[in-house]
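Predicted model, so just to flag it, every value in this text is computed and none were measured. Naming: A, B, ... by sequence-line order, numbering from 1 per chain.
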Amino acid sequence: MGQIKRLLRSVFAALDRAFDRPFGPAWNPFHNLGALGFFYYWIVAVSGIYLYIGFDTGVERVYASIERLTHVQWYLGGVLRSFHRYASDALVVMMLLHLAREFAYDRLRGVRWFSWITGVPVLWLVYASGITGYWLVWDELAQYIAVATTEWLDTLPIFGEPIARNFLARDSLDDRFFTLLIFLHIAVPLILLFVLWLHLQRITKPRINPPRGLAVGTTVMLLALSLAYPAVSHAPADLAKVPGLLHLDWFYLAWYPLFDLLSYKTMWGVAGVLTLGLVAMPWLPPLRRAKAAVVDLDHCNGCGRCAADCPYGAVAMVPRTDGRPFAQQAAVSDSLCVSCGICMAACPTSMPFRRTSELATGIDLPDPSLRDLRERVHEAANALGPGPRVMVFGCDHAVPATAIAADGVAAVGLPCIGALPPSFIDYVLSRRLADGVFLTGCREGTCNNRFGLRWTEARVDGLRDPRLRKRVPRERVARCWADHQEASHLAAEIEAFRRALSALPGPDATPPVAASASHAPVGAP
Amino acid sequence: MRYLGQLAIYAAFAVLIGYFSVAPSYTHAPTDRGEIKLSFSHGGQKRGGCRQLSAEEIAKLPPNMRVARSCPRERLPLLVEMDVDEKPLYQETLKPSGLSSDGAARAYRRFSLPPGPHRIALRLRDSDRSQGFDYEGGFDIVLQPRQNLVVDFRTEAGGFVLR
């Protein structure tokens, strides 16, 4: 499983880099798969409303009503029918890519199981929505789908009468059938919307709209395709005939040829194994979870920054319980916390300068704690060789710290770059533990913890609390966001930074301060 | 250059969507053959006849459920046979549906045949007889390529019917 994930992750990393060039990180479709899926859903919903107005549920009139929309009113009904079809296909592509990407980046285990599990019924519901849509056209393809689907369902011992008998002959069907079908075609996507809402419940600030440029681009693309290659029907359904050559929509109907290749019962087995396999995947194998963040009320003033920055809604502000003169205090939900450390970095009390026997903060990770982090910074600084000395803070999900360390370069790995309190940059430079600080983490738009990179940039740029202090010489701080395959690119960037540092006047000649956490640096910042 | 790259990617995506939404084409059933679909739903006769209950047995029943006769719910399975051109093509014993085996037995089978004239003979046993059949039927048909010929069974029509 791990090898498959690594392989897929390499593929996605390569695609990310390739798509970053023309689109840039913000518009990169691979950074917006879920949002694009939502966007296509809304296109399908809106175009579907218009098609519904022109749709006639009479069994003898249903085909003609769609033909009228397609050919007589080609400029609107026809275009919207194609738009409806192609957006549905694009939705399937986005959904499957989103699933593969989340799997590749291992965003399904641990507390993330909820989003994964609620995604499984989404698969079924999207396919059910699409299949009932094809059924509504009542052409030869619809006839084939109707017969095959009902024959498949009839292998379940739940129907009194075989429902496939509804499609035996021309006189088997009546108008009520298409009324039922259009109801299903509307109800199933509405249920899908509810499940999608559930799907997003355990993440904060979910991105459900793609950037405007990407939305415009993909809409124009779908419209152009609809005009150049309009969707058309097969010959009308005729139950006295066996459907002949079929132009399948493989995005939705790839399952159907397998009915002919295998048996219906086997296909139930395949569907069951696939579904159960997907459901079980978050525990294959179970994630050895790091301990959840812990609130220390002695240092928490209830400012709420940790709750605002948590990407998973794991930190909530609740009424104060210890009698101290603050309205609120932070509370961590263990079942939601992924131990990314972003809350710790958001806490204004996460200051390595503090002159206390034991460094503590308002909200901390048990492992690694803020104190551990400061110790590791000192260890790394002590190991630095001569020359412009660079302290790299990196994310464990990107290029590993061991691959970064070199002569004059020491690396400290973090569960997320967002777990680095900005005060540590100030600390390293003002204590002359290094001549420059280099930040690295997941490639832009691919942060393993969603907002780690975004919050770090905002904090360093002084746009979000806690801000990097103005006194920190910005020419001694650099950053490069690179995926796990870009170690050489990262090394080159660090080397360039070292060269730039050597050209700067000042503290690069100063030897590192030998210190340990027990001999914590003293003095105010 | 950047916009050209985007245009190329959008175009490639459009081609992917446009192509796989209709191609490659697929032939579900051979177009040079016809199909006979044997499908019906029919309840076999009740297993055993009704029995007069004794006064003691009636007394044991709840007051609101006291009846003089007890009739079994369970139905007999059906034996169905179909020959085409005097060759046996299908024979099956169909069990009654339902948890108490009191529902109709159901048949739904498809047979692919070459086009042309055929003689179909059908037999169904729904009683507890050990020999012979309760219903028999035969049809001389000329099957067309891609024709879907349905053979149904309706007691009120006297047995097997073509639809």
Side-chain angles (χ1 to χ4, degrees), chain A residues 18-19 21-24 27 29 82 85-90 92-93 143-144 147-148 151 154 157 159-162 164-165 168-172 213-214 217-218 220-222 224-226 228-229 231-232 238-254 256-257 259-260, chain B residues 1-42 95 97-99 103-110 112-113 115 143-152 161-163:
Chain A
F19 277 65
R21 274 176 225 128
F23 286 97
W27 286 16
S82 306
R85 150 96 70 98
Y86 294 136
S88 310
D89 290 336
V92 170
V93 174
Q143 179 186 335
Y144 164 66
V147 173
E151 286 181 357
D154 279 336
F159 299 103
E161 280 277 307
R165 278 179 60 75
L168 278 184
R170 288 168 182 160
D171 58 357
S172 309
L214 188 60
T218 194
V220 170
M221 180 271 290
L222 287 176
L225 179 62
S226 302
Y229 197 49
V232 291
D238 182 355
L239 291 170
K241 279 186 177 175
V242 179
L245 189 70
L246 298 166
H247 303 291
L248 291 190
D249 180 339
W250 292 87
F251 295 105
Y252 279 95
L253 307 174
Y256 284 77
F259 288 144
D260 297 329
Chain B
M1 196 64 192
R2 191 183 159 193
Y3 290 108
L4 276 179
Q6 287 186 24
L7 193 67
I9 288 169
Y10 281 129
F13 190 46
V15 168
L16 176 95
I17 296 279
Y19 180 77
F20 284 108
S21 73
V22 289
S25 53
Y26 174 70
T27 308
H28 153 63
T31 51
D32 58 349
R33 291 175 74 89
E35 196 170 272
I36 293 179
K37 201 174 275 179
L38 173 66
S39 175
F40 61 83
S41 179
H42 173 64
K95 290 180 184 169
S97 58
L99 293 173
R106 299 173 311 215
Y108 186 95
R109 297 286 184 282
R110 285 191 272 125
S112 177
L113 291 176
L143 196 65
Q144 303 298 319
R146 289 186 57 202
Q147 185 181 353
N148 177 33
L149 182 78
V150 177
V151 180
D152 205 341
V161 290
L162 293 182
R163 290 178 71 183

List the atom pairs, donor and acceptor, that lie under 3.5 Å between side-chain atoms in residues 6-19 of chain B and the rest of the protein, sequence neighbours left out.
unit_1: B:Gln6; atom_1: NE2; unit_2: A:Pro22; atom_2: O; d: 3.0

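- Heavy-atom distances place the side chain of A:Tyr144, and not its backbone, under 4.5 Å from chain B.
- Side-chain contact of B:Ser39 with A:Arg165: a donor-acceptor pair under 3.5 Å is present, judged by distance alone.
- In this model, no donor atom of one side chain and acceptor atom of the other lie less than 3.5 Å apart for A:Asp89 and A:Tyr252.
- Contact tally against chain B (heavy-atom pairs below 4.5 Å) for A:Ala148, A:Pro157, A:Ser172: the top residue is A:Ser172.
- Both the backbone and the side chain of B:Val22 come within less than 4.5 Å of a heavy atom of chain A.
- With a threshold of 4.5 angstrom between heavy atoms, B:Phe20 approaches chain A through its backbone and through its side chain.
- Contact of the B:Leu162 side chain with the B:Val151 side chain is registered, since non-hydrogen atoms from C-beta on lie closer than 4.5 Å.
- Counting heavy-atom pairs closer than 4.5 Å to chain B, the top-ranked of the candidates A:Leu239, A:Asp249, A:Thr218 is A:Asp249.
- Considering only heavy-atom pairs separated by less than 4.5 Å from chain A, the leading option among B:Pro24, B:Ala104, B:Pro145 is B:Pro24.
- The pair A:Arg170-A:Asp238 meets the salt-bridge criterion, since a charged nitrogen lies less than 4.0 angstrom from a carboxylate oxygen.
- Between chain B and the residues A:Val232, A:Leu222, A:Leu245, the most heavy-atom pairs under 4.5 angstrom are made by A:Leu245.
- Chain B forms the most heavy-atom pairs under 4.5 Å with one residue out of A:Ser226, A:Ala164, A:Gly24, A:Ala224, and that residue is A:Ala164.
- Heavy atoms closer than 4.5 Å to chain B are found in the side chain of A:Leu225, but not in its backbone.
- Contacts of B:Glu35 classified as side-chain contact (heavy atoms from CB on, under 4.5 Å), with partners at least two apart in sequence or in another chain: A:Val242, B:Lys37, B:Arg110, B:Asn148.
- Note on B:Arg2, B:Gln147, B:Gln144: by heavy-atom pairs under 4.5 Å with chain A, the leading option is B:Arg2.
- Ranked by heavy-atom pairs under 4.5 Å with chain A, the first of B:Ala29, B:Ala23, B:Ala107 is B:Ala23.
- Annotation: maximal heavy-atom pairing with chain B below 4.5 Å, among A:Phe259, A:Phe19, A:Tyr229, A:Phe23, occurs at A:Phe23.
- Contact of the A:Tyr256 side chain with the B:Tyr26 side chain is not registered, since no non-hydrogen atoms from C-beta on lie closer than 4.5 Å.
- Side-chain contact check for B:Arg33 and B:Ser112: at least one donor-acceptor pair (N or O, by modelled atom type) lies under 3.5 Å.
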